[in-house]
Amino acid sequence: MKSPSEQLSLLVRGTARVLGEDELLKKLQRGTPLRVKLGVDPTSPDLHLGHSVVLEKLRQFQELGHQAVLIIGDFTAQIGDPTGRSKTRPALSHEEILLNARTYTEQAFRILDHDRTEVVFNSEWFQKMTFSEVIQLNSRVTLQQMLQREDFKNRVARDQEVRLHEILYPIVQGWDSVVVRSDVELGGTDQLFNILVGRALQKTEGQEPQVVMCLPILEGLDGVQKMSKSLGNYVGITEEPEEMFGKLMSISDELMARYALLLLGREINPETHPMESKKQLAAALVARYHSADSAAAARANWELRFSKKDLDSAVLPEFPVTGRRDIVGAVVEVFQTVFNTSKSASDVRRLIQQGSVQLDGEKILDPRNEPDWKSGQVLKLDKKHSVRIS
RNA sequence: GGGUAGAUUCCAGAGCGGUCAAAUGGGGCAGACUGUAAAUCUGCUGGUUAUACCUUCGAAGGUUCGAAUCCUUCUCUACCCA
């Protein structure tokens, strides 16, 4: 067991902001496991690298012997967290939320230690609350306090609507902390306000207030906006090795440094060629969520496909063409069946006219073309998608 | 409760009776370049059995040869007053 001060320096590493660091030290000095809260909003079922930053921190707590309390915000999800939103979120049905929560926790346990995690649903206590209890809860905070929050302030300033239930969100999330008696709450920097409300509510309940620990927000693949599924700039932790590797290779050098720091906790060596560094980063992350072997394989295949442009020897998905088939129809079908992306015929026609579609390295520019399909040919759809005809 | 403004394609935002699938910017995609990076340049960005046709401009009706544009009702939003 590490000493409290050793633990503290480990835990603080990589965080963006910690409020109550000396309180944390005191808590650690007691020697009993801390209750570390992480609230998740199961609005989307799949976890991506953005979520992993905070989950890895939680795991670090677990490795030091502390107790993780994972709160599934099945109740709060029905409100919709207004954080970072310029518009009101659509509410989800409870069934959808439970379904999401299930895959969410499954994926979270790829990172977290099952034995040291307590999973609770916040509908457990909120569903039972009576209206007078709700009002009482609301009486603990002021409108002005809630309006301090940047998202709300901005929306008000820009004449955009803020619905009352959204104002309630931080209060509701804060109450979770009281119920689970958390010692520390983790979250992204955008959660600072919500976590602080929890701290305030704990104080009014006579509890020892939780320590606020915010982790940096991971930018998405575009390097600008935060990683999120709805923006499509994410790398899911369950994605296939190839896919994960490819996505990571497409990031900018600047972003690479950031990813290395936030996801692996290491610096990029300036001596190394940036491309090599990027390959190492990508491989390390694939290895984390798959295996070292699949990381090596993904790297080898990527090099074949993209550096050497040797599509012939690369491992590609297969696609059977039955009989004569025009190019547009075939490409639409490949997108649909192999890559699970729907594209309209017009879209594909455009791709063809722009010279994206190639058969065995030959551009096919005429959408009316009906190629002589032979098995073993490589059909390239766009930069990232190619198949082998079987 | 009273008044005013407004709802346009992924987003922002023009258009205000025909030349509108709808300017411009952002985003996205493709091509060139490259380290499948970034930056840059160019093109594309509703659908289809594709030199034409079909469906879109909050919803439903109406006026008109013709409506995103005019009228009526409805729904929603913001602002001001209470």
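Chain A is the first sequence line, chain B the second, and so forth, proteins listed ahead of strands; every chain is numbered from 1. Since the model is a prediction, treat every value here as computed from it, not as a measurement.
Between the base of B:G31 and the side chain of A:Q354 there is no donor-acceptor pair shorter than 3.5 Å. The base of B:G27 does not come close enough to the side chain of A:D222 for any donor and acceptor atom to sit less than 3.5 Å apart.
With rounding to whole Å, A:D347 atom CG is found 11 Å from B:A30 atom C1'. Here the P atom of nucleotide B:G35 and the CZ atom of A:F245 are 17 Å apart, to the nearest Å.
At the heavy-atom level, A:K363 lies under 4.0 Å from the strands shown only through sugar-phosphate atoms. As judged by a 4.0 angstrom heavy-atom cut-off over every strand, A:S346 is placed among the base-contacting residues. Across all strands, A:D253 comes closer than 4.0 Å to base atoms (heavy-atom distances).
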**Message:** Please evaluate residues A:M146 and A:V197 with respect to the criterion side-chain contact (heavy atoms from CB on, under 4.5 Å), reporting the C-alpha separation (whole Å), side-chain torsions for both, the decisive distance (0.1 Å), and the verdict.
**Reply:** CA-CA 9 Å; A:M146 292 302 113; A:V197 172; 4.1 Å; yes

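Taking atom C1' on both nucleotides, B:C16 is separated from B:C70 by 10 Å, rounded to a whole Å. Between B:A14 and B:C20, the distance separating the two C1' atoms is 12 Å to the nearest Å.
An OP1 or OP2 oxygen of B:G47 is reached within less than 4.0 angstrom by no side-chain nitrogen or oxygen of A:K343.
Across all strands shown, B:C74 pairs with B:G58; the Watson-Crick or G-U wobble distances both stay below 3.5 Å. Within the shown strands, B:U42 is the pairing partner of B:A30 under the Watson-Crick or G-U definition, both distances less than 3.5 Å. If you check B:G18 for Watson-Crick or wobble pairing at under 3.5 angstrom, you find it paired to B:C65. Nucleotide B:U24 forms a pair with B:A12, judged by Watson-Crick or G-U wobble geometry with both contacts under 3.5 Å.
Of the charged side-chain nitrogens involved, none lies within less than 4.0 Å of a carboxylate oxygen, so that A:E219 and A:K226 do not count as a salt-bridged pair.
Between the side chains of A:D74 and A:S123, at least one donor N or O sits under 3.5 Å from an acceptor N or O. Counted by atom type alone, A:T15 and A:K57 present zero donor-acceptor pairs between their side chains at under 3.5 Å.
When the nucleotides B:G35, B:U49, B:A30 are ranked by their closest atom to the side chain of A:L351, B:A30 comes out on top. Checking B:A38, B:G47, B:A32 against every side-chain atom of A:S252, the shortest atom distance belongs to B:A38. Of the candidates B:U49, B:C44, B:A30, B:U49 carries the atom nearest the A:R349 side chain, counting heavy atoms from C-beta on. Out of B:G35, B:U48, B:C44, the shortest distance to the side chain of A:R350 is found at B:C44.
Judged by the 6.0 Å distance and 45° axis criteria, A:K383 is not positioned over the aromatic ring of A:F306.
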